[in-house]
Amino acid sequence: MLEAFLKPFAYEFMQRALAAGMLAGATCSIIAFFVIVKRLSFLGHGISHASLGGVALGVVAGKNPVATGAIFASVVAWVIGFISKKGSLHEDSAIGILSASGMAIGVILISLSRTYTMDLTGYLFGNILAVTRQDLIALVLVSSAVLAFVGAFFKELLFMCFDEEGARASGVPVTMLYYSLLTAIAITIIAAIKVVGIILVGAFLVTPAATGHILSRNFRGMIAISTGTSLVSVFIGLLLSYAFDIPSGAAIVLCSAALFALSLLVSHFAGVHPARSMRSNPGA
Amino acid sequence: MTLIQLDQIDQIKAAPSPAPSLAQDRGTLDLDKETITQGQGSRTQDDPSDEPPVVDISDLTVSLGERVIFNGITFSVRPGQLAGIVGPNGAGKTTLLKAILGLAKPASGNINVFGMPPSKLASLRRRIGYVPQTGSFDIAFPVSVFDVAMMGRIPQVGLLRRPAQKDREIVEKSLARVGALHLKHRPFSELSGGERQRVILARALAGEPRLLLLDEPTTGLDAQAQRDLYNTLAGLRRDFFPHLTIMIVSHDVEELAAIADKLIFINRGPSPTGVSANAGTNAVHDLTATATAGGSQNA
């Protein structure tokens with residue numbers, strides 16, 4: 001039985017796919033904790049869609065698409081964050097405009113350079129089975145950087161997400177942390193694009209963390225459940241992809257969604273009622 | 001327009017005044033037009049007047065863009081005093097606390113905290129405990145009570161370091177002093193409004209502050225929870241922190257007057273030209289200065 005499960009991973013491409021999926025999944029799960037509690041899910045979707053422009057730019061210019069995508073996505077994240085903090089425009093409006101603009105840039109670049117269309121399709125829908133050694137090294141570097149950032153500033157990030165005003169009053173460098181968090185989210189998304197693609201990476205990012213949020217009222221439990229469900233989703237999704245010859249990114253995301261649905265049922269029948277986020281802006 | 005019932009103001013115990021402006025035949029006091037010029041209580045404490053003030057503000061004006069939030073504010077708070085900041089919505093009470101914290105930049109005037117401007121206060125930030133308005137934090141955040149209180153130790157623990165055993169002990173002591181130690185393993189989201197505020201107060205105390213700032217700490221609490229919180233504060237001063245300087249922004253004039261040494265009234269409606277405040281609309285009432293009738297300080 002166990003042998004049947006492990007048999008597909010005898011192939012090197014499946015081993016690389018599993019390693020890439022696990023790395024991206026674990027990194028996404030941890031950064032997604034902040035995405036969920038800071039209510040940045042829509043921002044994640046916006047960054048991923050906008051990144052098409054950066055990825056296409058890299059492909060067309062003959063540069064590393066992951067690098068150009070990461071830079072492009074980071075800039076988009078900073079602009080959205082700046083507009084959001086500045087208060088001149090609602091955050092959702094800024095995300096809508098910038099994500100659509102980024103995608104439009106990508107579409108135009110694709111149309112101007114038809115020979116690269118196939119490569120860009122891989123970025124749109126993911127191609128985890130084609131992960132190269134270089135992709136894996138890049139993923140390890142990105143994951144290490146993101147996890148080192150989160151590990152170093154976890155208590156400050158937690159304080160900022162819980163009570164930004166209180167954190168600022170305590171001398172926590174909130175502005176620096178906020179923009180660093182946006183950068184970490186952006187490069188995590190770019191790193192995960194190879195696994196599930198631009199279209200699905202938003203769901204890959206937040207669904208396991210949302211599952212953790214449903215089942216736990218403490219951040220430790222939430223992160224543990226999020227990481228666990230993400231790893232399980234990658235493993236089962238890859239197996240299903242191999243067994244039924246279906247797109248691996250979509251299979252992984254559907255597994256993740258199925259675990260989320262299961263968590264809703266468990267929380268309903270076990271009487272676990274997730275607390276809803278409640279926050280209002282303090283008055284002057 | 002904020003109207004305050006006169007029977008609430010009775011707690012201030014208006015003293016003989018050269019020009020009392022509380023019209024006794026009126027049922028309400030309109031703070032926009034009237035000035036409470038007197039007020040003194042019977043409580044006394046060690047007079048720390050020879051010590052420099054913890055907060056010293058003179059002719060302070062704070063603007064937000066083109067909008068003048070308040071102007072011409074002058075008062076000081078001495079070590080160990082409890083000062084209440086009272087005024088209608090939009091008068092700038094919260095902004096005043098932010099100015100003290102260095103989070104709102106003065107347009108003009110002087111503000112000194114522990115003898116230095118808040119802009120240079122970064123190294124002294126750990127001396128200030130802050131209880132923000134309820135709406136500023138996420139009530140449903142997935143943290144335990146202990147986790148929340150531990151956030152108050154972050155300035156002491158410092159960047160890139162983990163809390164030590166000593167930090168944990170101080171946090172537990174802080175929770176115990178506000179009567180919330182038994183809640184330490186509970187999810188913060190499961191607490192009542194009163195319990196939440198006590199935990200946030202414990203978070204502020206965990207930093208072992210010398211100045212404690214509370215912004216509308218009783219908003220959203222029922223009458224009993226409000227009384228409990230003020231009793232907790234009074235008990236903290238009496239039993240544990242006699243030298244702690246406290247400033248509380250609140251609408252509860254009656255409750256504040258019962259425990260405060262000084263009331264600072266801030267009014268809405270700064271001059272659009274920003275030249276000066278409407279003289280007499282902002283006032284300070286020292287409730288402990290029993291020997292100085294008429295010792296209020298108009299800003």
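Sequence lines set the chain letters: A, B, ... in the order given, protein chains first and strands last, and positions in each chain run from 1.
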Lys/Arg-Asp/Glu bridge criterion (N-O < 4.0 Å) met for A/Asp163, B/Arg203:
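Yes, this pair counts.
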Report the distance from atom [atom1] of [X] to atom [atom2] of [Y], rounding to the nearest 0.5 Å.
X: B/Arg153; Y: A/Phe159; atom1: CZ; atom2: CZ; result: 12.5 Å
X: B/Leu101; Y: A/Glu165; atom1: CG; atom2: CD; result: 8.5 Å
X: A/Lys155; Y: B/Leu159; atom1: NZ; atom2: CG; result: 6.0 Å

With side chain to side chain contact (heavy atoms under 4.5 Å, CB included) as the test, would you mind laying out the steps for A/Val37 and B/Asp138 before giving the verdict?
CA-CA 9 Å; A/Val37 296; B/Asp138 188 348; 5.6 Å; no
Counting only heavy atoms closer than 4.5 Å, note whether [X] contacts chain A via side chain, backbone, both or neither.
X: B/Leu160; result: both
X: B/Val148; result: side chain
X: B/Leu97; result: neither
X: B/Glu190; result: side chain

Quick one: closest heavy-atom pair of [X] and [Y], and the distance?
X: A/Ala169; Y: B/Tyr130; answer: CB-CD2, 3.3 Å
X: A/Glu156; Y: B/Gly158; answer: OE2-O, 3.8 Å
X: B/Pro155; Y: A/Ser170; answer: CG-O, 3.3 Å

From the list B/Arg161, B/Met151, B/Arg162, the residue making the most non-hydrogen contacts under 4.5 Å with chain A is B/Met151
With chain A, which of B/Asp147, B/Val143, B/Val157 has the greatest number of heavy-atom pairs at distances under 4.5 Å?
B/Asp147
A/Phe33 portion near chain B, given a 4.5 angstrom heavy-atom threshold
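Looking at A/Phe33, just its side chain touches chain B.
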Contact origin within A/Phe153 toward chain B - heavy atom pairs under 4.5 Å:
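Side chain of A/Phe153 only, per the 4.5 Å heavy-atom cut-off to chain B.
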Using a 4.5 Å heavy-atom cutoff, which residues in residues 218-226 of chain A come close to chain B?
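Contacts with chain B: A/Asn218, A/Phe219, A/Arg220, A/Met222.
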For [X], look at atom [atom1] and say whether over 12 heavy atoms of other residues, nucleotides or ligands are found less than 6.0 Å away.
X: B/Arg168; atom1: CZ; answer: yes
X: A/Lys85; atom1: NZ; answer: yes
X: B/His185; atom1: NE2; answer: no
X: B/Gln165; atom1: CD; answer: yes

